[in-house]
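In what follows, chains are A, B, ... by sequence order, proteins preceding strands, each numbered from 1.
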Protein chains: 2
Amino acid sequence: MVLKQQMENHIPTNQEIAIKLSRYGLKITPQRVAVLGALIKLCHHPSAEDIFREVVQVIPGLSQATVYNTLDVLVQRGIASKIATSTGVMRYDLIEQPHHHLFDETNSRIEDYYDPELDQILKMYFSKKKIKGFVPLEIKLHVIGAFRDNVV
Amino acid sequence: MVLKQQMENHIPTNQEIAIKLSRYGLKITPQRVAVLGALIKLCHHPSAEDIFREVVQVIPGLSQATVYNTLDVLVQRGIASKIATSTGVMRYDLIEQPHHHLFDETNSRIEDYYDPELDQILKMYFSKKKIKGFVPLEIKLHVIGAFRDNVV
DNA sequence: TTTTAAATTAGATTTATTATTATTAAAAAA
DNA sequence: TTTTTTAATAATAATAAATCTAATTTAAAA
């Protein structure tokens, strides 16, 4: 098991981000490159507001609506996902591979959690156990707990 | 496996609801009895607005703020829980026993899902697999899919 | 380069929720 | 039972996230 940010060692260039946008059939604009760049950089599941604050430093005329629009577009294309939180503020998450979420509600921290073994267990469970009248498509674990830094 | 509403065959009287409120150290008011009653009755995870619409028929002078206050109180006392949804609207859920959620985002439907076997699997997994720096307290499955009525 | 379809901006708007404060009511005390 | 006290409710204002609108600008295709 490994937390997300430990897996991300490469900070992509604007060019690489632009290529990613066009691979998904999106027009390349400075705003989109910067928003996606911020989403990659701010790996602790930023809110739209977090991304705005980050990007407006580079693009001073940036509109909040552009951030919301761009994030929606990224979600629609499957580049990002939207996480609903208990405070009602949406948080955004870059999609790389399927993963679960660890929530610490005392400090609003969210981390991704990967474990192929866990996914295997869940896959087996749901293939064996049919739910009457419901077709499951996506299975996500929502683990609420407490981050204890410097503790194993 | 059984869906929640199939397990709930007893509709509690106002008296029983009042007893429940006082067991949790809450003052009994007509508003609280009606809100908790509506939460029990509207078993598809109502929003505050859903509950207001239901209860205002019985208590015409009811304020929306009272519904929000009462729901917050119920959540604080552990009688109910609050579910954040992808639309940003909060939904409320009576807590009876720990359970997971099935989401159908095409029609905003949410159902509870119980399975002791699943809980056992998850418990075993997390007792074996330690997450560095994180203490899990509550594990909830978030299953996104599609309800198909009249289909097994 | 010109064209056009799409993206961005600014600001108004919506809507769920929270905050405020006066009033009212529930339950404890006398 | 009546009084007292403490808490709950109602009405309404305030907040804040997110959406909508319409005019302007821009990316990229022709």
query: Taking the side chain from B:Ser22 and the backbone from B:Ala18, do they hold a donor-acceptor pair closer than 3.5 Å?
result: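 Such a contact is found between B:Ser22 side chain and B:Ala18 backbone.
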field: Backbone of A:Met124 reached by a side-chain donor or acceptor of A:Ser127 within 3.5 Å
entry: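 Yes, because the side chain of A:Ser127 sits within donor-acceptor range (under 3.5 Å) of the backbone of A:Met124.
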task: With sequence neighbours excluded, tell me which residues meet side chain to side chain donor-acceptor pair (under 3.5 Å) with B:Ser63.
output: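 With neighbours one apart ignored, the set is empty.
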Gap separating the CZ atom of A:Phe103 from the CG atom of B:Leu137, nearest 0.5 angstrom: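 It comes to 13.5 Å.
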field: Interatomic spacing from CG in B:Asp50 to OH in B:Tyr92 - rounded to 0.5 Å
entry: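 Reported to 0.5 Å precision, the distance equals 11.5 Å.
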Measure [atom1]/[X] against [atom2]/[N] and give the value in whole Å, please.
X	N	atom1	atom2	value
A:Met90	C:dT17	CE	P	10 Å
A:Phe52	D:dA17	CZ	P	12 Å
A:Arg32	D:dT25	CZ	C1'	14 Å
A:Leu21	C:dA7	CG	P	11 Å
B:Leu71	D:dA8	CG	C1'	15 Å
B:Leu36	D:dA8	CG	C1'	16 Å
B:Tyr92	C:dT17	OH	C1'	8 Å
A:Ile83	D:dA17	CD1	C1'	17 Å

query: Should A:Glu117 and B:Lys128 count as an ion pair when the cut-off is N to O under 4.0 Å?
result: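 Looking at A:Glu117 and B:Lys128, the cut-off is met.
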- request: Identify whether the distance between the nearest side-chain nitrogen and carboxylate oxygen of A:Glu49 and A:Arg53 falls below 4.0 Å.
  value: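 Counted as a salt bridge, because a side-chain N and a carboxylate O are separated by less than 4.0 Å.
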Please tabulate, for the side chains in residues 65-84 of chain A, all donor-acceptor contacts under 3.5 angstrom to protein atoms that are two or more places apart in sequence or on a different chain.
| unit_1 | atom_1 | unit_2 | atom_2 | d |
| --- | --- | --- | --- | --- |
| A:Asn69 | ND2 | A:Ala65 | O | 3.3 |
| A:Thr70 | OG1 | A:Thr66 | O | 2.6 |
| A:Arg77 | NH1 | A:Tyr24 | O | 2.9 |

- prompt: Under 4.5 Å between any side-chain heavy atoms of B:Phe147 and B:Thr106, yes or no?
  reply: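 No, too far: nothing below the 4.5 Å cut-off.
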Just the atom pairs and distances: protein N or O near nucleotides 28-30 of chain D's N or O, under 3.5 Å.
| unit_1 | atom_1 | unit_2 | atom_2 | d |
| --- | --- | --- | --- | --- |
| D:dA28 | OP1 | A:Ile28 | N | 2.9 |

message: Short of 4.0 Å, heavy atom to strand atom, which residues of residues 60-70 of chain A count as contacting DNA chain D?
response: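 DNA chain D contact set from residues 60-70 of chain A: A:Ala65, A:Tyr68.
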message: For a quick test of reading the model, state the closest non-hydrogen atom pair linking B:Ile139 to B:His100 and the distance between them.
response: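 Heavy-atom minimum between the residues: O-CE1, 3.6 Å.
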Residues clustering with A:Val89 (ILVMFWY side chains joined when closer than 4.5 Å, directly or via others):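 Same cluster as A:Val89: nobody, lone residue.
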task: Look at B:Gln31 and D:dA10 and indicate whether a side-chain polar atom (N or O) is within less than 4.0 Å of OP1 or OP2.
output: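 It does, given that an N or O in the side chain of B:Gln31 lies less than 4.0 Å from OP1 or OP2 of D:dA10.
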field: Residue whose nearest DNA chain D nucleotide is more 5′ - B:Ile59 or A:Glu49
entry: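 That would be B:Ile59.
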task: Note down the inter-axis angle between the two ends of the helix from C:dT1-D:dA30 to C:dA30-D:dT1, five pairs each, to the nearest 10°.
output: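 About 30°, once rounded to a multiple of 10°.
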